[in-house]
Colleague: 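Sharing a structure below in structure tokens format, with a few things to ask.
Residue numbering restarts at 1 for every chain, and letters A, B, ... go by the order of the sequence lines.
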Amino acid sequence: MSLIELSEQEIQRRESLQKLRDLGIDPYPAALFPVNSSAKEIKNDFEDGKHVCIAGRMMSQRVMGKASFAELQDASGRIQIYINRDEICPDEDKTLYNEIFKKLLDLGDFIGVEGKVFKTQVGEISIHVTKLILLAKALRPLPLPKIDVEGRIHDAFTDAEMRSRQRYVDLVVNPHVKDTFVKRSKTISSMRRFFDGFDYLEVETPILQAIPGGAAARPFITHHNALDIPLYLRIANEMYLKRLIVGGFEGVYEFAKDFRNEGMDRTHNPEFTMLEIYVSYKDYNWMMDFTEKMIEKVAHDVCGSTEIEVGGNKISLKAPYKRISMRDAILEFTGKDINGKSETELKEICKELGIETDSSMGKGKLIDEIFGEKCEAHFIQPTFITDYPIEMSPLCKKHRDNPELTERFELMINGKEIANAYSELNDPIDQRERFEEQMSLSQKGDDEAMFIDQDFLRALEYGMPPTSGMGIGIDRLVMLLTNNISIQEVLFFPQMRPETKTAKIELNDSEKIIFETMKELKELQLFQLKEKFEMSNKVWDTSIKTLTKHNLIKVTKELEELWVRLS
RNA sequence: GAUUCCGUAGCUCAGCUGGUAGAGCAAUACACUUUUAAUGUAUGGGCCCUGGGUUCGAAUCCCAGCGGGAUCACCA
């Protein structure tokens with residue numbers, strides 16, 4: 001990389017790096033630094049005069065002659081340090097303070113300090129530094145948001161694209177972002193503890209699958225060289241977990257990365273995390289009790305309360321939650337009863353409600369549309385929607401009272417689906433018929449062909465105990481718990497279009513032509529050179545400027561004449 | 001995919017009906033021994049997203065493209 005591509009500040013930092021080396025200081029020392037405290041700990045357990053040793057990034061610096069204040073940021077937060085010239089440099093040589101601390105250290109550098117805890121005259125807990133060491137130099141300047149006396153943030157690093165692409169920077173300068181990801185981690189560990197309390201087994205199942213099943217979504221495809229077969233990245237892990245239930249485990253769960261090759265927006269990322277859990281000898285009623293208890297606990301562990309505020313809505317996650325059948329939900333919000341209606345009658349209802357339909361939609365899809373359009377958004381407080389039409393739920397057991405319905409529920413919170421659960425279908429013959437029905441439905445539309453997983457059916461034929469299963473989109477749950485409307489905010493590294501890096505030193509065509517010509521002619525007047533090419537003024541001007549900037553040519557004014565020369 | 005808004009200094013943003021760029025913070029230099037958005041003085045820093053057009057002249061107006069945000073559509 002040539003220096004020409006670097007910004008002024010980056011060049012300065014590289015120069016500082018070299019000066020440090022010249023002074024015999026290793027800017028990237030290898031030895032461990034004996035940290036024995038943290039910013040948070042020092043502030044929380046203030047002990048005047050306590051000797052501490054901590055490390056972190058220097059995030060601000062206020063030099064006042066022979067004394068300075070700086071802020072050090074570690075994983076726990078920030079703490080102020082006080083540095084006095086004559087204390088860190090007791091001898092004649094004041095280089096450490098005057099040169100190294102004041103000039104060669106930059107904001108963002110990792111430093112380690114040793115000293116005593118004290119309170120300044122204004123009452124801020126600080127460290128009175130006796131020893132200072134550089135731990136790692138930063139060559140790029142960080143964006144530096146500042147907080148004023150009234151708590152307002154200035155110059156915040158807010159560009160959503162840059163924040164996602166350079167999450168490391170986002171995490172350094174935006175503390176609330178870090179908090180979101182801490183909550184994400186707590187969400188998962190809280191759920192894990194809840195499941196482990198029941199002695200359910202955490203398992204791992206294949207991500208590379210020969211038949212991508214368990215959901216209707218377009219998969220990513222890849223190829224296995226040795227076997228010479230296509231393999232798919234899983235869209236769900238449901239059918240593998242059920243095989244484990246067949247195998248005799250009575251409670252299994254997996255936090256699974258699933259992959260769906262579909263559109264990306266603020267609620268969809270190509271890879272996302274799904275929790276699926278399956279428990280033998282239970283049904284969906286039991287699973288509702290289980291789910292609401294779990295959500296209540298998670299809210300408590302993560303937010304410290306079951307009362308949360310999301311997008312202006314106050315939501316109580318305290319169990320139990322309201323339960324309403326899909327039929328009653330639609331009845332309540334549209335006045336229409338879908339019970340026992342034919343496909344034609346349902347289409348008529350859609351028409352009356354102003355919902356567009358097309359020929360590929362079966363009964364299940366039509367009902368789903370009505371619910372999605374007219375009901376879903378109303379369920380702000382946690383609500384279980386139960387008993388979905390059979391067409392929508394090919395892996396779910398028929399309802400014990402009504403063969404048109406299934407024993408399925410979805411948990412709606414803040415108008416969004418958070419969980420989805422079944423009394424799992426364990427009748428292998430029924431399951432085969434449903435798969436075949438699904439095949440014909442997908443052929444009705446022009447969707448990709450669905451595969452029938454014969455091995456899964458074989459497993460069911462050996463017998464699967466009655467089982468209830470539940471899935472939760474972890475990303476969406478975290479969005480809810482952290483009051484984020486965008487999935488990108490709860491993923492460390494959301495999928496992005498690749499950065500198009502334009503190597504700035506690379507010349508475009510017009511610049512190349514001018515440069516080639518100049519290589520031959522060595523020097524001539526500016527207007528003579530211009531006449532040699534047919535270029536718009538703009539192209540001419542920017543090309544000349546680019547070449548000058550890169551120090552390839554020089555333009556000089558001599559006696560009112562502009563001369564161009566090769567540098 | 002549709003509509004719409006946006007792209008200017010390391011960061012956040014001004015820049016009017018066209019006249020070759022401004023502020024604050026950050027950077028550089030000097031002063032200052034308990035400050036706290038430290039302060040004061042001075043200095044440097046721009047492919048104004050890319051390409052084309054209109055014009056004597058474009059950051060500004062027009063067209064196309066690229067990138068991003070928002071809304072909608074799609075999405076078990």
Colleague: Rounded to whole angstrom, note down the P distance from B/rA64 over to B/rU28.
Modeller: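 My reading of the P atoms in B/rA64 and B/rU28 gives 45 Å.
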
Colleague: A/Met59 near the nucleic acid: base, sugar-phosphate alone, or nothing, with a heavy-atom cut-off under 4.0 Å?
Modeller: nothing

Colleague: Taking atom P in both B/rG57 and B/rG10, compute the distance separating them and give it to the nearest angstrom.
Modeller: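 So the two P atoms sit 30 Å from each other.
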
Colleague: Can you check the A/Glu10 CD to B/rC11 P distance for me, whole Å?
Modeller: 10 Å

Colleague: In whole angstrom, give me the gap between the P atoms of B/rA37 and B/rG7.
Modeller: 32 Å

Colleague: Taking the same atom, C1', in B/rC32 and in B/rA38, what whole-Å distance lies between them?
Modeller: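 Going atom to atom, C1' in each nucleotide, I get 11 Å.
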
Colleague: With a 3.5 Å limit on both atom pairs, tell me what B/rU55 is paired to, counting Watson-Crick and G-U wobble, or say none.
Modeller: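 Pairing partner, where one exists within any strand: none, as none qualifies.
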
Colleague: Scan every strand shown for a Watson-Crick or G-U wobble partner of B/rC25, both distances under 3.5 Å, and answer none if you come up empty.
Modeller: B/rG10

Colleague: Quick check: any donor-acceptor pair below 3.5 Å linking the side-chain of A/Glu8 to the base of B/rA9?
Modeller: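 Result: no qualifying N/O pair found.
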
Colleague: Using only heavy-atom distances, decide whether a donor-acceptor pair under 3.5 angstrom links the side-chain of A/Glu124 to the base of B/rU36.
Modeller: yes

Colleague: Side chain of A/Met64, heavy atoms from C-beta onward: which of B/rU36, B/rC75, B/rA38 has the nearest atom to it?
Modeller: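 The nucleotide sitting nearest to the side chain is B/rA38.
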
Colleague: Determine the contact category for A/Asn420: base if any of its heavy atoms lies under 4.0 Å from a base atom, sugar-phosphate if only primed atoms, P, OP1 or OP2 are that close, otherwise nothing.
Modeller: nothing

Colleague: What nucleotide among B/rA76, B/rG68, B/rU34 has an atom nearest to a side-chain atom of A/Glu161?
Modeller: B/rG68

Colleague: With salt bridge (Lys or Arg N to Asp or Glu O under 4.0 Å) as the test, would you mind laying out the steps for A/Arg163 and A/Glu489 before giving the verdict?
Modeller: CA-CA 9 Å; A/Arg163 286 184 44 237; A/Glu489 293 290 330; 2.8 Å; yes

Colleague: Distance between the C1' atoms of B/rA58 and B/rU8, in whole angstroms?
Modeller: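 Result for the C1' pair: 14 Å, nearest Å.
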
Colleague: Considering only the C1' atoms, how many Å lie between B/rG15 and B/rA21, rounded to the nearest integer?
Modeller: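 Their C1' atoms lie roughly 8 Å apart.
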
Colleague: Ignoring the backbone of A/Thr158, work out which of B/rU36, B/rU12, B/rA76 is nearest its side chain.
Modeller: B/rU12

Colleague: Please report, rounded to the nearest Å, how far the P atom of B/rA27 is from the CE atom of A/Met58.
Modeller: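 Spelled out: CE on A/Met58 to P on B/rA27 is 9 Å.
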
Colleague: Is there a donor-acceptor pair closer than 3.5 Å between any side-chain N or O of A/Glu373 and the backbone N or O of A/Leu353?
Modeller: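 Side chain of A/Glu373 to backbone of A/Leu353: no pair is present.
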
Colleague: Which of these nucleotides, B/rA26, B/rC32, B/rA76, is closest to any side-chain atom of A/Leu107?
Modeller: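 Nucleotide nearest to A/Leu107's side chain: B/rA26.
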
Colleague: Could you check whether A/Asp170 and A/Gln166, counting side-chain N and O atoms only, form a donor-acceptor pair closer than 3.5 Å?
Modeller: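 On atom types as modelled, these side chains do not qualify, holding no pair under 3.5 Å.
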
Colleague: Looking at B/rU33, B/rC11, B/rG68, which one has an atom nearest to any side-chain atom of A/Lys66?
Modeller: B/rU33

Colleague: Round to a whole Å and report the spacing from CD of A/Glu489 to P of B/rG69.
Modeller: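 One finds 11 Å between P of B/rG69 and CD of A/Glu489, rounded.
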
Colleague: From CD1 of A/Ile11 over to P of B/rA26, roughly how many Å is that when rounded to an integer?
Modeller: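 A/Ile11 atom CD1 is separated from B/rA26 atom P by 21 Å.
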
Colleague: Looking only at the side chains, is there a donor atom on one of A/Ser486 and A/Gln488 sitting less than 3.5 Å from an acceptor on the other?
Modeller: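 A pair is found: one side chain offers a donor N or O, the other an acceptor, under 3.5 Å apart.
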
Colleague: Please determine, for the side chain of A/Asp265, which listed nucleotide (B/rA76, B/rU12, B/rC74) has the closest atom?
Modeller: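 Shortest atom-to-atom distance from the side chain points to B/rC74.
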
Colleague: More 5' along RNA chain B: A/Gly123 or A/Ala156, using each one's nearest nucleotide?
Modeller: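 The residue closer to the strand's 5' end, by nearest nucleotide, is A/Ala156.
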
Colleague: If pairing requires Watson-Crick or G-U wobble contacts with both distances under 3.5 Å, which nucleotide is the partner of B/rC30?
Modeller: B/rG40

Colleague: Which nucleotide in the list B/rA76, B/rG69, B/rA29 gets nearest to the side chain of A/Ala160?
Modeller: B/rG69

Colleague: Calculate the interatomic distance between A/Asp159 atom CG and B/rG10 atom P; express it in whole Å.
Modeller: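 A/Asp159 atom CG is separated from B/rG10 atom P by 14 Å.
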
Colleague: Using only heavy-atom distances, determine whether the side chains of A/Arg62 and A/Gln80 contain a donor-acceptor pair under 3.5 Å.
Modeller: yes

Colleague: If you look at every strand shown and take non-hydrogen atoms under 4.0 Å, does A/Glu262 touch a base, only sugar-phosphate, or nothing?
Modeller: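 Sugar-phosphate only.
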
Colleague: Roughly how far apart, to the nearest Å, are B/rG19 and B/rC48 at atom C1'?
Modeller: 16 Å

Colleague: Between B/rA59 and B/rG53, how far apart are the P atoms? Round to whole Å, please.
Modeller: 15 Å

Colleague: Let's see if you can work this out: which of B/rA27, B/rA76, B/rU35 has an atom nearest to the side-chain heavy atoms of A/Arg62?
Modeller: B/rU35

Colleague: Which comes earlier along RNA chain B counting from the 5' end, the contact point of A/Glu369 or that of A/Leu105, where each point is its nearest nucleotide?
Modeller: A/Leu105

Colleague: Rounded to whole Å, how long is the line connecting atom CG of A/Leu139 with atom P of B/rG10?
Modeller: 16 Å

Colleague: Does a nitrogen or oxygen in the side chain of A/Lys102 sit under 4.0 Å from OP1 or OP2 of B/rA31?
Modeller: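 Checking B/rA31 against A/Lys102, no side-chain N or O comes under 4.0 Å of OP1 or OP2.
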
Colleague: Which whole-number value in Å describes the distance from A/His268 NE2 to B/rC75 P?
Modeller: 10 Å

Colleague: Considering Watson-Crick and G-U wobble pairs with both distances under 3.5 Å, what does B/rU20 pair with?
Modeller: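 By the stated definition (distances under 3.5 Å), nothing pairs with B/rU20.
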
Colleague: Who does B/rU71 pair with, Watson-Crick or G-U, both distances under 3.5 Å?
Modeller: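 Checking every strand shown, B/rU71 finds its partner in B/rA2, with both distances under 3.5 Å.
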
Colleague: Categorize A/Val63 for me: base, sugar-phosphate, or nothing, with a 4.0 angstrom heavy-atom threshold over every strand shown.
Modeller: base

Colleague: Just checking, A/Arg408 and A/Tyr388: is the charged tip under 6.0 Å from the six-membered ring centre and within 45° of the axis?
Modeller: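 Yes, A/Arg408 lies over the aromatic ring of A/Tyr388.
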
Colleague: As an exercise, state the distance from CE of A/Met326 to SG of A/Cys375, rounded to the nearest 0.5 Å.
Modeller: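 So the gap between those two atoms works out to 7.5 Å.
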
Colleague: Would you mind reading off the distance between A/Ile81 atom CD1 and B/rA38 atom C1', rounded to a whole angstrom?
Modeller: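 To the nearest whole Å, that distance equals 16 Å.
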
Colleague: Per the side chain to side chain donor-acceptor pair (under 3.5 Å) rule, which among A/Lys137, A/Gln9, A/Arg140 passes with A/Asp106?
Modeller: A/Lys137

Colleague: Please state whether the phosphate of B/rU71, meaning OP1 or OP2, lies under 4.0 angstrom from any side-chain nitrogen or oxygen of A/Arg266.
Modeller: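 For A/Arg266, the contact criterion (side-chain N or O under 4.0 Å from OP1 or OP2 of B/rU71) is met.
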
Colleague: Respond yes when some side-chain nitrogen or oxygen of A/Gln80 is under 4.0 Å from OP1 or OP2 of B/rU35, and no when none is.
Modeller: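 So the side-chain polar atoms of A/Gln80 never come under 4.0 Å of the phosphate oxygens OP1 or OP2 of B/rU35.
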
